[in-house]
Each structure stands twice: as C-alpha cells, then as structure tokens.
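Quick caveat, the model's predicted, so the values are computed rather than measured.
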Amino acid sequence: MKLGIIGGLGPLASSYFYELLTKMSDVHHDQEHLEIYLHSCPRIPDRTEYILDHHKPSPILELIQVAKELEAAGVDMIAIPCITAHYFHEELSQSVDIPIIHLIQEVRNYILRKQVKKVGIMATDGTIQSQIFQKELKEYNIDCCIPSIEYQKDVMHIIYDNVKCGKAIEMNCFYGIEKDLLLKGADLIILGCTELSIVNKEEKLDSLYLDAMELLSAVALQKCQIPIKKEYQYLIK
C-alpha cells in the first residue's frame, strides 16, 4: 500500500513523522518499508490564524489541492501530521475518494482502550478554541482540561517561537504547563500539536504523555499492513 502525507504544516513535524514511520516499522530490508508520498506544502495558510479569525486566508483550498494531487499519484490513504488541520477533516475527506486518517478519533480510541478518566490537552489556540478534542472526548464521557490562559500562552510560545523557529525548547515553560494540567486532575496529557512531538523526541517524556504523532504513525502503519515494533504496539492495543 501507499501512504500519502499532507506535509509542511510545519516542515519539521513532517520530517519527524517520516522518521517515525521508518523507525517504528518492524522490518529488516529497505524493500519492506512503507511506500510514502510526502507532499510538503508550507505555503498552506496557518490553520490557527484562520480558525481564530475567518477573515484570515483559509487553508482549505490548498489542503484539498494537495489531497487531490496525492490521490492522483495513486496513494491508498492520507495522513496529516498537523492536529489543527483536522478541523477541516470532513470537508477535506469529501474532496477525495480515498480515506484520510482521522487522528482526533484515533486519540479518542486510544484513551477509551486505556480507560483514562481525565485528560489534559496541550495544543494550539486553534485546536483548543475549536474544541475538536473536547467535543470528541466529552461525547464518550471523558473529562478534559486545558491550560490556564497564561500557560496556554506558553504552549503557543513553545510551538511557534521554539519549535517552528528551530530554537531550543524552553522546558521550564513546558513543565509549568504540565504542573497546571496535573493540578486540574489530568491522568494523561495529550501532546495535541505535532510540533510538541519534537519536545517528546528531544526530551523523551514519560508515560504521562500521549504523543499524537506517534499514534498517527502507528495507526498509519497498521492500516497499511506494515508490522510495528514491539515497543510501539501499546499505541494500537
């Protein structure tokens, strides 16, 4: 099978997603790896800016164009290593005849399997304010908490001023957010922005966290029938 990736949202997260797909595959030869079409399209307008202000340029037409180009290239399904872009999942899915992995629903499925009662969400302002996680989880009686206003500013600072700018991650800010969510009763914290997966990559966070991009990689490999290494199988079981 062939996996298409709508990438460039941002580029560092997309390149790490490709790395995850490669290192999580339980294969022994180059020829056994998943065939991947990665279309990195950084010109796509910022998703959070549009969600917060519909007068800003919408990313949907560019997203649809890339999805159609991947479909024309012959991929069997599409993954989007950008959480906020899932705000547009329904409209985007209607534009092509191949499945697009719905990462928000996969996060929900994971939390249900693990029987977590309350989750904290670290994500962009767009993801938080659109409530794409909260609505999905509350429908299944899973409580959610989000950072306080001052800590949400720190989340955005880490995403946009650290990771997207290629600068060192300010872990003092990160652990301040963690403490805020734990005080609110979170049993698990979702890294709900693919840029935050870079924090996990560099700092090797513990089991308190669910890295949504690791989950996306595991789900994509499973759906494309590629064996997954034992240490990552907990993501799909």
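At least one donor-acceptor pair closer than 3.5 Å links the side chain of Asp187 to the backbone N or O of Lys118. At least one donor-acceptor pair closer than 3.5 Å links the side chain of Asp180 to the backbone N or O of Ser148. No donor-acceptor pair under 3.5 Å is formed between the side chain of His89 and the backbone N or O of Ala85.
Taking Phe174 as the reference, Tyr209 meet the ring pair (Phe, Tyr, Trp, His ring centres under 6.0 Å) condition, with sequence neighbours excluded. Under the side-chain hydrogen bond (donor to acceptor under 3.5 Å, both in side chains) criterion, His29 pairs with no residue, sequence neighbours left out.
Around NE2 of His54, the count of heavy atoms belonging to other residues, nucleotides or ligands within 6.0 Å exceeds 12.
Side chains of Tyr160 and Asp46: a donor-acceptor N/O pair is present below 3.5 angstrom, by distance only. The closest side-chain donor-acceptor pair between Thr48 and Asp125, if any, does not fall under 3.5 angstrom. Using modelled atom types and a 3.5 Å distance limit, the side chains of Thr84 and Thr127 yield a donor-acceptor pair.
Ring geometry, His102 versus His86: the interplanar angle falls from 30° to 60°, so the pair is classed tilted.
At least one test fails for Arg47 against the ring of Tyr87: distance under 6.0 Å to the centre or angle within 45° of the axis.
Listed here is the closest heavy atom pair of Ser14 and Leu9: OG-N, 3.8 Å.
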What side-chain donor-acceptor pairs closer than 3.5 Å can you find for residues 223-235, not counting sequence neighbours?
| unit_1 | atom_1 | unit_2 | atom_2 | d |
| --- | --- | --- | --- | --- |
| Lys229 | NZ | Lys23 | O | 3.0 |
| Gln233 | OE1 | Lys237 | NZ | 3.0 |
| Gln233 | NE2 | Ile228 | O | 2.8 |

